[in-house]
Trainee: 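Here it is, the structure in full.
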There are 2 protein chains.
Amino acid sequence: MTALPAGVHELSFTGPPQPADPAPLTVTFTQDGTGREILGFWDGGRNYLARFSPSSAGTWRWRTRSEEPALDGLSGEIEAAEPAGPGPVQVVDTYHFAHADGTPFRPVGTTVYNWIHQEPELRSRTLEAVSDAGFNKLRFMVFPQGGGYVEHVPELMPFERDSAGRWDTSRPVSAYFRQLDDAVMSLAGRGVVADVLLLSAYSADFGLDALTEEEDATYLRYVVARLGAYPNVWWSLCNEFDILGRPVQRWDRLGELLARIDGHQRLRSIHNWVEFFDHNRPWVTHASIQDGASVAEPGRASAYRDAYLKPIVLDEIKYEGDVPLRWGHLSARELVHRFWVATVSGCYASHGESFVKANGSLHMVDGGPFRGMSPARLDFLRRILDALHIAGLDPIDKWDDPEYVAGQARRQYVRYFGRSAPATWTFRLPQGHHGERLEVGDQFQVDIIDTWNMTVLPVERTFTLTEVHRNDAFADGPPLLLPEGEAIALRITRRQ
Amino acid sequence: MTALPAGVHELSFTGPPQPADPAPLTVTFTQDGTGREILGFWDGGRNYLARFSPSSAGTWRWRTRSEEPALDGLSGEIEAAEPAGPGPVQVVDTYHFAHADGTPFRPVGTTVYNWIHQEPELRSRTLEAVSDAGFNKLRFMVFPQGGGYVEHVPELMPFERDSAGRWDTSRPVSAYFRQLDDAVMSLAGRGVVADVLLLSAYSADFGLDALTEEEDATYLRYVVARLGAYPNVWWSLCNEFDILGRPVQRWDRLGELLARIDGHQRLRSIHNWVEFFDHNRPWVTHASIQDGASVAEPGRASAYRDAYLKPIVLDEIKYEGDVPLRWGHLSARELVHRFWVATVSGCYASHGESFVKANGSLHMVDGGPFRGMSPARLDFLRRILDALHIAGLDPIDKWDDPEYVAGQARRQYVRYFGRSAPATWTFRLPQGHHGERLEVGDQFQVDIIDTWNMTVLPVERTFTLTEVHRNDAFADGPPLLLPEGEAIALRITRRQ
């Protein structure tokens, strides 16, 4: 059993065996007049737990409410230490993320859908592989996956069955969900966001796609009660929600429920197959979008920023691998290119690997070590992003910049040449609509980034703006020589 | 004075001079238990009018309500004839438009912002030019435009001023709004949609951008009362709304008011400069978007369809002309290309002309005859669209079709080659996610469309599918020879 992550407090209670509602108590924590309501949950037998991550140090008083007399009206207090880590991730500057302490968080994630449904040894190796590769977010499913490329069916299932053989979501299997606890905590220990796919169409083999709305709600309350305190949790309400063919209002109600019951207010999204959810809905904190074509060429994905005014995470842009299906045979070069296109579009993206393995499965299904050539390049990209001086990259002149420069006006920029491979570059920056205007005399340092060979070469020269026009600005002097080949980027930083 | 369009009924009343509210009465029309509430308005002196377009023939009873005793409790009936024309335009099939009688409407519009604020002769010449060129929608402003390229300031202004010199929206100038009536009716007479820009930042020179929310609402009620009965009206709440810097909630409230008070339920949109409005809001019937880059390359604009699930009208994709500012010097070829890109993206677009005229103005400001080469090609495009057998063009395989084929599965398709100019084409259709699947043996007729030279050449050969795969389908036989040059399209129609 993995230890609770730093900052997570757990209260234990004793109550009736087998409650009617598996999340039958509410615990209100208060400090200085601020209150937060947390669901408590049944953990098997007569054991009940409530988990809480205080947002500030000091004493928090708590009190329970429950229909179960044994769980009602209990009270006490906890002593919270100063936060040990950077804290949970929140949305900042409309399109970006940062930890509670202000440290920017740039998601460069991967996908192992069926991770937690493998034997323990493979689970551990996946965790290590993901973390060692530098991925900082992992998409995985709570429910087991069925269908193609699934070569292992777990023994544990999330719920007991009722007398008619239907899943009874009011009777969760504690051992199953303790395994989920462990998975999330082990990611927390390595600083990786657990992008928890709460529902999906892929669990149809087990009938877990056919719960009623009420059953979904019971399950949702339970899983939020269990996991919500972990600081690395992001909720994805459903993977490819539109495959399930439910009315969109049902998803909307479930999303609103999620926002209402989650006292920790972890980030919330819902992920599409072909039809989009309305990511403008208030309960959606960031748009999680499947659209491989959006980053196949520059100039596309930024439309989603305009439409949703939220961070855009392109959680499926096709995979590096060799399966015959067209979602799963990108070359590593192509996938890395797409990440850089996403980057200068002001968006984030997710990786996955789909080489057919010796066992017939894919890494994106069951995990294990990576085989592809993209993870190292994506780690390099993440390190470039983490070294930025600014909160995030925004397209500077989104409707008129054929060069796709992103950054923050007059501070720092990234330019990505993509599939073109010019021998030289003449210093030019677009002005853009927002932020400070460039001025004659502004000085810039340029670094040449080889996104494939993973090198950063500082240019030994300062670029000083000599011409500033309405829409762009130029520096005098000979053009900059660029290295041969595609996929070169520039980091352009103003000297202060 | 132009005659009322067919189907529009006008009731006259006598009431107090100068009411506190210029739209002080509500008239409820009922037929067979169905009721519709229409605002009546003050037309100067002691004259009040209420205009109504019944949605069905036969007797409609009416009754007034008003705070003004002279206008309250009046009643009567009108006899409505069978609809004479195709009726007002509505949204159909999520992304498209059709008249009430089912006739598809494919907007190919143009823009003359300051049209109604010119001398009568120029106004008439503009009307003729727009209509003769085949444009079926015209964007123009209710309030006069100031600023660059405006060479004529009208004498008439929309409101009286109060004693402090502020515009008093409760005292509209009847002569001004009769002129607006005339403008809309003259467009109706030629079958052109009046895309009425209710507010804009361009009226700042006259202080008309600085009304309070309450004043906006008074004006909105008045103009809806005056124009709502005309079957060719579309409302655009504001042109480039985000220039005005108001809280987005204020626009949302005004949009909701518009939806609530318009008994005729004309189409409603709001148009942006740099920041987008949330076109998912329920009161928005279609997204009116300024984004020149969205159609500079294929594969972009369709993102807006996914985001908004409504018709997308790209009401500003830059203009054909020669002004130095970058929004106004597209070549005709480039503008026509952008319209075709919009078309195979499943979207619609608007034209405008920005050659500097002898008087120092631009066609898109004050009108007159067209000088550019795009209008004829856009008329050709509109005729191609009107000849389609289907409601509209939808990207068939939006995330994986590098050839940008749009249409309706297994019925009719349009393929646009854009800037590539292949000598031959091998028959291929993508399957797509929706609708019927292609089958071996399906037979197709192909027409070669030269979008610039405006020719349609039927191919004297039937293409029969011989191979149908998971994602696409092919017809045997030698490749089709294509004419030389860019901007060729194909219309591919299944033989029934």
Side-chain angles (χ1 to χ4, degrees), chain A residues 94 242-243 248 252 272-282 284 287 289-310 312 314 316-318 324-327 345 347 394-402 404 430-434 469-472, chain B residues 94 242-243 248 252 272-282 284 287 289-310 312 314 316-318 324-327 345 347 394-402 404 430-434 469-472:
Chain A
T94 308
D242 48 319
I243 293 184
V248 73
D252 203 37
N272 66 288
W273 175 50
V274 174
E275 304 294 341
F276 277 40
F277 193 77
D278 173 6
H279 300 294
N280 279 318
R281 296 292 301 154
V284 176
I289 291 176
Q290 170 168 196
D291 180 1
S294 68
V295 284
E297 302 287 344
R300 294 180 181 177
S302 57
Y304 296 133
R305 289 170 41 108
D306 290 328
Y308 298 125
L309 300 169
K310 291 179 184 176
I312 306 299
L314 299 161
E316 233 185 293
I317 54 173
K318 304 186 177 178
L325 296 164
R326 59 190 187 174
W327 50 257
S345 302
C347 302
D394 297 310
I396 289 292
D397 186 19
K398 59 186 180 178
W399 294 343
D400 275 292
D401 174 23
Y404 307 110
Q431 280 279 20
H433 281 102
H434 295 291
H469 303 287
R470 177 189 174 96
N471 297 319
D472 46 18
Chain B
T94 308
D242 48 319
I243 293 185
V248 74
D252 202 38
N272 66 289
W273 175 50
V274 174
E275 304 292 342
F276 276 41
F277 192 77
D278 173 6
H279 300 295
N280 279 318
R281 297 291 300 153
V284 177
I289 291 175
Q290 170 168 196
D291 180 0
S294 68
V295 284
E297 302 287 344
R300 295 180 180 177
S302 57
Y304 296 133
R305 289 170 41 109
D306 290 328
Y308 298 126
L309 300 169
K310 291 179 183 176
I312 306 299
L314 299 161
E316 231 183 297
I317 55 173
K318 304 186 176 178
L325 296 163
R326 60 190 187 174
W327 50 258
S345 302
C347 302
D394 298 311
I396 289 292
D397 186 18
K398 59 185 179 177
W399 293 344
D400 275 290
D401 174 24
Y404 309 110
Q431 280 279 20
H433 280 102
H434 295 291
H469 303 286
R470 178 190 173 96
N471 297 318
D472 45 17

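Below, chain A is the first sequence line, B the second, and so on; all start at residue 1.
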Trainee: Count the heavy-atom pairs under 4.5 Å between each of A:His279, A:His434, A:Glu297 and chain B, then report the option with the highest count.
Mentor: A:His434
Trainee: Is chain A contacted by the side chain of B:Pro324, its backbone, both, or neither, given a heavy-atom distance below 4.5 Å?
Mentor: neither
Trainee: With a 4.5 angstrom heavy-atom cut-off, could you sort out which part of B:Tyr308 is near chain A: side chain, backbone, both or neither?
Mentor: side chain
Trainee: Quick one: which of B:Pro402, B:Gly299, B:Gly292, B:Ser302 has the most heavy-atom pairs under 4.5 Å with chain A, could you say?
Mentor: B:Gly299
Trainee: Please look at B:Trp327 and chain A and tell me whether the side chain, the backbone, both or neither of the residue comes under 4.5 angstrom of a heavy atom of that chain.
Mentor: neither
Trainee: Flag the one option from B:Tyr304, B:Trp399, B:Phe276 with the top tally of heavy-atom pairs under 4.5 Å to chain A.
Mentor: B:Trp399
Trainee: At what distance, to the nearest 0.5 angstrom, does CG of A:Asn280 lie from CG of B:Asn280?
Mentor: 5.0 Å
Trainee: With a 4.0 Å cut-off on N to O distance, would you call A:Arg326 and B:Asp397 a salt bridge?
Mentor: yes
Trainee: With chain B, which of A:Leu309, A:Asn272, A:Leu325, A:Asn471 has the greatest number of heavy-atom pairs at distances under 4.5 Å?
Mentor: A:Asn471
Trainee: B:Asp401 versus chain A, heavy atoms under 4.5 Å apart: side chain, backbone, both or neither?
Mentor: neither
Trainee: Let me know if B:Arg281 has heavy atoms under 4.5 Å from chain A in its side chain, its backbone, both or neither.
Mentor: neither
Trainee: Sort B:Ile289 into side chain, backbone, both or neither according to what part of it lies under 4.5 angstrom from a heavy atom of chain A.
Mentor: neither
Trainee: Going through the distances and angles, do B:His433 and A:Asp242 end up as a side chain to side chain contact (heavy atoms under 4.5 Å, CB included)?
Mentor: CA-CA 12 Å; B:His433 280 102; A:Asp242 48 319; over 6 Å; no
Trainee: Sub-3.5 Å donor-acceptor pair from the side chain of B:Lys398 to the main-chain atoms of A:Val274, do we have one?
Mentor: yes
Trainee: Select, from A:Ala296, A:Ser294, A:Ala293, the one with the greatest count of heavy-atom pairs under 4.5 Å involving chain B.
Mentor: A:Ala293
Trainee: Is chain B contacted by the side chain of A:Arg305, its backbone, both, or neither, given a heavy-atom distance below 4.5 Å?
Mentor: neither
Trainee: So that I can tick it off, tell me whether B:Lys318 and A:Asp400 are bridged by a salt bridge, with the cut-off set at under 4.0 angstrom between side-chain N and carboxylate O.
Mentor: yes
